[in-house]
Peer 1: 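Take a look at the following structure, please.
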Amino acid sequence: MNTYSRTSSVVPASPVVAWRWWLMIALSLAGIGVAGYLSYTHLFELPVICGASQGCDLVAQSVYAKMFGIPVAVFGLLAYIALLVLLVARRRVSENLEAYVTLGVFGISLLGVLFSAYLTYLEIFVILAVCMWCVASAIIMSVLFVLSILEMKSVTL
Amino acid sequence: MSGRGKSPSQVHHQPVRERQGVTKAQIILVAGTTVVAAFLLIVLNSTQLRQAGGGAFSYPIGITQSGHPYKGPPEAPLKMELYSDFLCGHCAEFASVLEAISTDYIQKGKLQLIFHNFAFLTPESVQAAQASLCALDQGPAYFWRYHDLLYTSRAGGMAAYSNVRLKAYAQELGMDTEAFNRCLDTHAKAGQVQADLYAGIQAGVEGTPTWFLNGQKHVGFMSEDKLRNLLDSMLSQ
């Protein structure tokens with residue numbers, strides 16, 4: 001067993017790994033876009049562009065749109081920014097730190113998935129309205145989580 | 001974290017044995033902590049919202065002898081009797097003005113606001129008014145939260161006042177949904193909403209919002225600045 005032949009070294013050896021990394025970067029950016037837009041409309045009290053359905057405003061103005069007085073979209077935005085920072089950092093830190101950075105990505109995306117599940121449950125069963133932005137964020141977070149599991153495989157002893 | 005944190009240069013006399021990475025135990029620890037943290041946050045958030053639904057206000061709230069909800073102490077020097085329709089846009093704007101001045105006037109005991117339903121615009125107005133009174137049955141705190149939620153949900157259009165949604169708001173605020181739904185479905189408050197409408201007409205209300213400040217009639221929306229000036233001038237008299 002040689003340390004330096006692993007696929008998750010500082011410069012990825014396999015094209016699949018590089019491709020996955022770029023996909024995760026792109027998903028974090030998309031997540032920042034969605035959560036950023038929702039945070040922006042919430043903070044400036046603007047209506048949410050929602051296509052044909054009117055679910056977005058119903059969801060955005062429900063009591064569940066805030067957590068401890070802070071819009072949930074802001075928590076989402078922070079999570080996506082943290083993921084992006086960790087993903088970028090992963091390529092720049094030493095190899096022994098890299099595994100822990102990857103573990104951080106896994107932890108944050110797991111937290112994101114659990115919250116998305118809770119919020120989607122609220123939309124469907126309590127608020128009785130679904131907003132496409134929230135669904136988009138839930139999907140982005142879920143894909144990020146699955147990809148982070150695959151990443152974890154390459155840094156697990 | 002044992003010796004795994006060492007950089008390769010420190011151990012390069014033995015590079016073959018030294019693998020970099022995390023152990024399964026560390027992954028399980030992170031995953032477990034995350035799940036527990038998420039669970040605790042969700043439970044904490046739900047209980048906080050539930051308490052907020054019927055929870056404390058920073059000023060007195062209650063129900064007048066005539067059965068109308070109020071905020072602000074009954075002994076306040078200024079008394080505003082407000083006639084409103086939940087589907088009226090200017091009423092919603094005026095409600096947010098009243099919310100904006102509440103810290104300075106209602107909370108400081110200078111103003112008492114008494115709410116009267118004047119449901120005349122659409123059938124949804126009547127439904128929403130009945131729903132607000134069903135909320136009042138569960139306490140004035142629920143009424144005011146429900147009132148706020150009805151106005152902020154206006155962006156959802158008419159659909160925001162469907163029977164299903166009116167019930168969903170009650171559930172959101174953590175009310176006793178069984179009692180609320182029964183009250184709404186049996187139109188238990190139909191008579192009172194009708195009586196309030198006639199009482200309003202008797203008092204000279206022709207449109208909404210109409211409000212009587214110490215008996216003086218005002219029609220329509222008033223901006224926050226103008227209302228503050230009006231209240232201040234009346235207080236200094």
Side-chain angles (χ1 to χ4, degrees), chain A residues 1-4 6 8-10 45-48 50 53-69 72 75 94-104 106-115 117-119 121-122 125-129 149 152-157, chain B residues 1 3-12 15-27 29-39 41-46 48-50 52-53 96 145 148-149 151-160 162 164-165 167-169 171-174:
Chain A
M1 269 283 199
N2 189 322
T3 316
Y4 306 106
R6 286 190 302 111
S8 77
S9 57
V10 176
E45 296 180 357
L46 301 169
V48 183
C50 199
S53 77
Q54 289 177 318
C56 295
D57 284 314
L58 290 172
V59 174
Q61 276 154 4
S62 84
V63 291
Y64 292 106
K66 280 187 176 178
M67 217 166 193
F68 313 113
V72 286
F75 287 109
S94 63
E95 199 181 340
N96 52 342
L97 262 180
E98 192 194 331
Y100 293 101
V101 173
T102 309
L103 187 60
F106 168 78
I108 292 172
S109 59
L110 173 60
L111 191 64
V113 163
L114 293 171
F115 263 93
Y118 168 61
L119 294 173
Y121 158 79
L122 289 176
F125 295 104
V126 182
I127 308 171
L128 304 183
I149 294 175
M152 282 309 293
K153 281 193 173 166
S154 56
V155 295
T156 306
L157 291 174
Chain B
M1 316 249 152
R4 285 187 194 100
K6 286 179 192 164
S7 73
S9 60
Q10 286 172 286
V11 289
H12 86 76
V16 177
R17 305 283 309 165
E18 192 69 21
R19 283 199 64 199
Q20 312 292 332
V22 290
T23 61
K24 287 218 171 68
Q26 286 172 323
I27 298 171
L29 183 70
V30 166
T33 314
T34 309
V35 171
V36 171
F39 179 76
L41 279 174
I42 289 167
V43 168
L44 201 66
N45 186 51
S46 318
Q48 200 194 28
L49 286 171
R50 212 152 273 271
S96 55
R145 306 271 186 211
D148 295 348
L149 198 51
Y151 276 131
T152 51
S153 301
R154 285 190 74 256
M158 285 296 199
S162 68
V164 176
R165 296 226 52 90
K167 290 175 184 173
Y169 300 144
Q171 193 180 343
E172 262 186 55
L173 294 173

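These figures come from a predicted structure and were not determined experimentally. Here is the naming used below: chain letters follow the sequence lines, and residue numbers restart at 1 for every chain.
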Peer 1: Looking at every non-hydrogen atom in both residues, tell me the closest pair between B:T34 and A:G107 and how far apart they are.
Peer 2: CG2-O, 3.5 Å

Peer 1: What is the minimum heavy-atom distance between A:A99 and B:G21, and which atoms define it?
Peer 2: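 Shortest heavy-atom contact: CB-CA, 3.5 Å.
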
Peer 1: Roughly how far, to the nearest 0.5 Å, is CG of B:L44 from CE of A:M67?
Peer 2: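 Atom-to-atom, A:M67:CE and B:L44:CG are 8.5 Å apart.
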
Peer 1: Do you know which of B:I42, B:T152, B:D148 has the most heavy-atom pairs with chain A at a distance under 4.5 angstrom?
Peer 2: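 Among the listed options, the one with the most contacts to chain A is B:I42.
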
Peer 1: Does any heavy atom of chain A fall under 4.5 Å from the side chain of B:L149, the backbone, both, or neither of them?
Peer 2: side chain

Peer 1: Look up atom CZ in A:F115 and atom CG in B:N45, then write down how far apart they are to the nearest 0.5 Å.
Peer 2: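 The CZ atom of A:F115 sits 7.5 Å away from the CG atom of B:N45.
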
Peer 1: Could you tell me which portion of A:F106 (side chain, backbone, both or neither) has an atom closer than 4.5 angstrom to a non-hydrogen atom of chain B?
Peer 2: side chain

Peer 1: Is chain A contacted by the side chain of B:F39, its backbone, both, or neither, given a heavy-atom distance below 4.5 Å?
Peer 2: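 For B:F39, no heavy atom lies under 4.5 Å from chain A.
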
Peer 1: Could you check A:T102, A:L157, A:L103 and say which one makes a side-chain contact (heavy atoms from CB on, under 4.5 Å) with B:V22?
Peer 2: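 Result: among A:T102, A:L157, A:L103, A:L103 is the only option passing the side-chain contact (heavy atoms from CB on, under 4.5 Å) with B:V22.
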
Peer 1: CD1/B:I27 to CG/A:L110 distance, rounded to the nearest 0.5 angstrom?
Peer 2: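 Going from CD1 on B:I27 over to CG on A:L110, the span is 12.0 Å.
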
